[in-house]
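Working notes, structure below.
Owing to the predicted nature of the structure, the values given are computational and were not obtained by experimental measurement.
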Amino acid sequence: MADMESTTPTNNAADTVIDSAEDDDPEILLMKQRVEEMEREANKLRELQAAAEKAERSTPSAEQVPMETEEDKAAADSRSIYVGNVDYSATPEEIQQHFQACGTINRVTILCDKFTGHPKGYAYVEFAEAEFVDAALAMDNSLFRGRLIKVTPKRTNIPGFNGRGRGRGGYRGGYRGGYRGGSYGYSPYRARGRGRGRGF
């Protein structure tokens, strides 16, 4: 066995010649530099990601904002009003000024179409206290930017209830019955074969 190992030729000299020939090519040198830059950037990204994960783990969970419960949403809805027939170019600040006399306002929301981004023509105003809603309801049919606005209490959405009383998965059609007429026996005027009739 020892004789075989000593007799196997080594091509180290040939390998180094090939490597040196590759190093002379400027395109290969540019590619090697780009690979080194990408590796450095990847290492930086790994370090930044590790630092961000460490910072996320170190923050106490008390600082995180909890999700709103159904009771919180219902309480916010009881302090809110619906404002209809709002001018499309109205801003939340203008609506806030219009209802400022009613009480302290927490939030004004103008709903927009999700595809076009244009306002839908109605808004919601949330007050700090539920008592302010009664004062705002008195402003129904008041003039705002040349239009009579409609003010009603905001209703709480019930999941699965679409307003028609049926909820989800209601009856959606099918055969409604009725007399189709005619007898099912022989009829000399009935189309036979490949006609365009209904084939009774």
Side-chain angles (χ1 to χ4, degrees), residues 34 37-38 40-176:
R34 288 181 190 156
E37 289 175 12
M38 287 191 287
R40 278 187 254 132
E41 288 177 8
N43 288 334
K44 286 181 186 177
L45 286 174
R46 284 189 203 105
E47 291 172 5
L48 289 172
Q49 186 174 6
E53 287 175 358
K54 183 179 177 182
E56 185 178 310
R57 279 186 252 126
S58 66
T59 56
S61 61
E63 291 180 10
Q64 294 177 353
V65 178
M67 295 290 288
E68 283 188 12
T69 61
E70 293 297 322
E71 294 84 24
D72 294 339
K73 290 179 184 178
D77 287 348
S78 69
R79 297 188 316 261
S80 301
I81 59 169
Y82 163 85
V83 184
N85 199 25
V86 176
D87 187 42
Y88 293 111
S89 60
T91 63
E93 291 81 17
E94 292 172 334
I95 295 173
Q96 184 173 357
Q97 284 178 341
H98 188 75
F99 289 100
Q100 193 68 43
C102 301
T104 308
I105 296 174
N106 283 350
R107 173 175 41 190
V108 176
T109 307
I110 298 176
L111 275 86
C112 296
D113 184 72
K114 64 181 175 181
F115 299 111
T116 62
H118 299 298
K120 290 185 174 183
Y122 60 92
Y124 294 105
V125 179
E126 181 185 332
F127 291 99
E129 299 293 328
E131 296 83 36
F132 300 147
V133 172
D134 295 330
L137 292 176
M139 298 186 76
D140 188 22
N141 290 324
S142 62
L143 200 63
F144 175 70
R145 298 193 81 184
R147 300 176 87 166
L148 291 175
I149 58 172
K150 179 175 177 60
V151 181
T152 59
K154 183 181 181 202
R155 62 177 178 82
T156 302
N157 285 334
I158 301 168
F161 186 78
N162 63 3
R164 285 182 262 176
R166 291 196 307 229
R168 289 188 180 201
Y171 179 74
R172 286 189 163 74
Y175 179 65
R176 296 174 189 230

### Query
Which distance, rounded to the nearest 0.5 Å, do you find between the CD1 of I81 and the CD1 of I149?
7.5 Å
### Query
Are side-chain N/O atoms of R46 and N43 paired as donor and acceptor at under 3.5 Å?
yes
### Summary
Interatomic distance, CG@D77 vs NZ@K154, rounded to 0.5 Å, equals 4.0 Å
### Message
With side chain to side chain contact (heavy atoms under 4.5 Å, CB included) as the criterion, how do V83 and K150 come out once you've worked through the C-alpha distance, each side chain's angles and the decisive distance to 0.1 Å?
### Response
CA-CA 6 Å; V83 184; K150 179 175 177 60; over 6 Å; no
Under 3.5 Å donor-acceptor pairs involving side-chain atoms of residues 96-108, not counting sequence neighbours:
{"unit_1": "H98", "atom_1": "NE2", "unit_2": "S142", "atom_2": "OG", "d": "3.2"}
{"unit_1": "R107", "atom_1": "NE", "unit_2": "E126", "atom_2": "OE1", "d": "3.2"}
{"unit_1": "R107", "atom_1": "NH2", "unit_2": "E126", "atom_2": "OE1", "d": "2.6"}

### Task
Enter the distance from K54:NZ to Q49:CD here, rounded to the nearest 0.5 Å.
15.0 Å
### Task
Could you grab the distance from atom CG of N85 to atom CZ of R145, nearest 0.5 Å is fine?
12.5 Å
### Query
How far apart are the closest heavy atoms of V151 and A136, and which atoms are they?
CG1-O, 3.4 Å
### Message
Can you classify the ring geometry of Y122 versus Y82 as parallel (below 30°), tilted (30 to 60°) or perpendicular (above 60°)?
### Response
tilted
### Message
Restricting to non-hydrogen atoms, name the atom on S78 and the atom on A130 that form the minimum distance, rounded to 0.1 Å.
### Response
O-CB, 4.2 Å
### Inter-residue atom distance T156.OG1 - E70.CD, 0.5 Å rounding
9.5 Å
### Query
Is a side-chain N or O of N141 found less than 3.5 angstrom from the main chain of L148, in a donor-acceptor match?
no
### Nearest-0.5 Å distance, OH of residue Y88 to CD1 of residue I110
12.5 Å
### Query
If every non-hydrogen atom of V133 is compared with every non-hydrogen atom of S80, which pair is closest and at what distance?
CG2-N, 4.0 Å
#### Entry: E94 side chain reached by F144 side chain, heavy atoms, under 4.5 Å
yes
### Message
Between T69 and D72, do the side chains contain a donor N or O and an acceptor N or O under 3.5 Å apart?
### Response
yes
